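To start, the structure itself, in structure tokens.
Quick caveat, the model's predicted, so the values are computed rather than measured. All values below come from the heavy atoms of this structure, side chains included, with hydrogens, waters and symmetry mates left out.
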Amino acid sequence: MKTVKEVSKLTGVSIRTLHYYDKIGLLQPTARTESGYRLYDDMTLEKLQHILLFRELEFPLKEIQVILDSPNFDRNKALKQQIDLLTKKKEHLENLIEYAREIKRMGVKTMNFSVFDKKEMEEYAAQAKATWGDTQAYKEFEKKNEGRSSELANDINQNLMKLFVQFGQMRNEKPESDLAQAQAKKLQEYITEYFYNCRPEIFSGLADMYASGSEMTENIDKVGGAGTAEFAARAIKIYCQNKL
């Protein structure tokens with residue numbers, strides 16, 4: 001665990017900014033000391049990396065929060081988009097530098113305003129944002145999440161992970177067992193209540209994400225124990241097959 005002062009020194013993000021990120025629910029500390037000092041673990045620092053990369057791409061904080069809070073957020077997919085966007089930004093800056101050098105050589109009569117065009121970069125950024133937000137399920141989530149305090153949103157996410165803790169406690173059961181199937185139903189109903197209408201086809205897709213080896217898999221296995229994500233995914237798949 002690192003203190004807010006240590007995180008500030010490590011990342012170059014001011015303590016005041018870290019406090020603000022906590023206040024708006026964008027990056028909350030993992031824990032607090034008895035004296036109330038913020039503490040951050042590696043998973044929280046990894047989230048901060050994503051925030052800083054999106055900030056380099058000039059994404060507004062509100063849009064970054066939407067992306068990171070998306071039920072479909074995937075770290076590897078986000079990193080690929082960030083790399084692509086940063087590459088386009090690099091190319092744009094290189095063109096501007098070359099244009100400035102040309103003006104220096106040839107004089108101000110050299111005019112090529114196309115180098116200032118950010119249309120391609122902006123279109124790609126819009127597509128990246130749409131990946132996480134432009135679905136009916138996400139629109140439902142955004143509506144349910146509107147007006148929630150950061151504390152309430154955090155409680156909802158923590159209670160979601162507790163359902164996976166319960167999945168972990170039944171890993172020795174068969175995924176088709178009554179116990180595992182009841183837990184799958186419980187998870188589906190929770191997602192429907194607090195996020196979006198988790199129809200069987202959507203739930204089945206979530207199961208694929210849980211077992212994909214992504215950050216989501218790591219998070220589930222961290223709270224439920226190794227193999228929890230795979231077990232939960234198998235139970236959900238069986239549950240959805242019976243519902244479809």
Side-chain angles (χ1 to χ4, degrees), residues 1 25 28-32 39-47 50 67-79 131-133 135-145 148 150-244:
M1 291 278 203
Q28 295 182 316
T30 312
R32 293 178 187 265
L39 296 173
Y40 299 81
D41 64 5
D42 289 344
M43 190 177 295
T44 308
L45 291 179
E46 186 176 302
K47 184 176 182 180
H50 281 295
I67 291 171
L68 296 181
D69 286 347
S70 169
N72 302 323
F73 180 74
D74 181 273
R75 174 185 59 185
N76 293 329
K77 191 180 215 178
L79 279 172
T131 301
W132 313 109
T135 65
Q136 182 59 38
Y138 185 76
K139 288 172 183 175
E140 289 178 31
F141 164 68
E142 191 175 37
K143 186 175 181 179
K144 284 179 181 287
N145 198 47
R148 284 177 182 166
S150 59
E151 290 79 10
L152 178 57
N154 189 49
D155 286 344
I156 289 170
N157 287 325
Q158 285 186 356
N159 288 332
L160 175 66
M161 296 313 291
K162 286 178 182 177
L163 294 175
F164 289 106
V165 172
Q166 293 167 3
F167 264 120
Q169 293 168 347
M170 59 182 76
R171 294 199 308 279
N172 293 329
E173 299 281 338
K174 291 183 178 180
E176 64 269 23
S177 69
D178 290 344
L179 187 63
Q181 289 302 293
Q183 187 66 15
K185 182 175 186 292
K186 189 176 178 181
L187 176 60
Q188 183 193 35
E189 290 174 347
Y190 188 85
I191 293 171
T192 295
E193 182 175 358
Y194 291 103
F195 294 94
Y196 47 73
N197 182 15
C198 190
R199 301 185 303 277
E201 58 270 24
I202 292 178
F203 201 26
S204 180
L206 285 175
D208 292 332
M209 293 178 64
Y210 296 156
S212 66
S214 65
E215 182 180 16
M216 196 174 290
T217 306
E218 295 172 9
N219 291 343
I220 292 171
D221 283 356
K222 183 176 180 180
V223 298
T228 299
E230 177 64 31
F231 174 77
R234 288 169 62 196
I236 292 167
K237 283 288 188 182
I238 294 168
Y239 176 82
C240 291
Q241 286 169 6
N242 292 333
K243 290 292 182 181
L244 290 172

Using a 3.5 Å distance criterion without hydrogens, assess whether the side chain of [X] forms a donor-acceptor pair with backbone atoms of [Y].
X: Thr192; Y: Gln188; value: yes
X: Arg234; Y: Lys174; value: no
X: Glu176; Y: Ala235; value: no
X: Thr30; Y: Asp41; value: yes

Please find the pair of heavy atoms, one from [X] and one from [Y], that lie closest to each other, and give the distance.
X: Ala211; Y: Glu230; answer: CB-OE1, 3.5 Å
X: Pro200; Y: Cys240; answer: O-SG, 3.3 Å
X: Asp221; Y: Ala229; answer: OD1-N, 2.9 Å
X: Ala226; Y: Arg171; answer: O-NE, 3.2 Å

Yes or no on side chain to side chain contact (heavy atoms under 4.5 Å, CB included) for Leu79 and His50, after CA distance, side-chain angles and deciding distance? CA-CA 8 Å; Leu79 279 172; His50 281 295; 3.9 Å; yes
Spacing of [atom1] belonging to [X] relative to [atom2] belonging to [Y], to within rounding of 0.5 Å:
X: Met43; Y: Glu218; atom1: CE; atom2: CD; answer: 7.5 Å
X: Leu39; Y: Thr44; atom1: CG; atom2: OG1; answer: 10.0 Å
X: Lys237; Y: Leu206; atom1: NZ; atom2: CG; answer: 10.0 Å
X: Phe195; Y: Ile156; atom1: CZ; atom2: CD1; answer: 6.5 Å
X: Gln158; Y: Leu163; atom1: CD; atom2: CG; answer: 12.5 Å
X: Glu173; Y: Gln183; atom1: CD; atom2: CD; answer: 11.5 Å

Q. Can Lys185 and Glu189 be said to form a salt bridge (charged side-chain N to carboxylate O under 4.0 Å, His left out), step by step?
A. CA-CA 6 Å; Lys185 182 175 186 292; Glu189 290 174 347; 2.4 Å; yes
Which of Val165, Ile220, Thr217 passes side-chain contact (heavy atoms from CB on, under 4.5 Å) with Thr228? It is Ile220
Next item on the list: For a ring pair (Phe, Tyr, Trp, His ring centres under 6.0 Å) with Phe164, tell me which candidate from Tyr190, Phe231, Tyr210 qualifies.
Entry: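 Running ring pair (Phe, Tyr, Trp, His ring centres under 6.0 Å) over Tyr190, Phe231, Tyr210 with Phe164 returns exactly one hit, Tyr210.
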| said: Could you go through Phe167 and Leu187, starting from their C-alpha distance and side-chain angles, then the distance that decides it, and tell me whether this counts as side chain to side chain contact (heavy atoms under 4.5 Å, CB included)? | reply: CA-CA 10 Å; Phe167 264 120; Leu187 176 60; 4.0 Å; yes
Any donor-acceptor N or O pair under 3.5 Å, side chains Gln166, Lys186: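 Yes, side-chain donor-acceptor contact under 3.5 Å.
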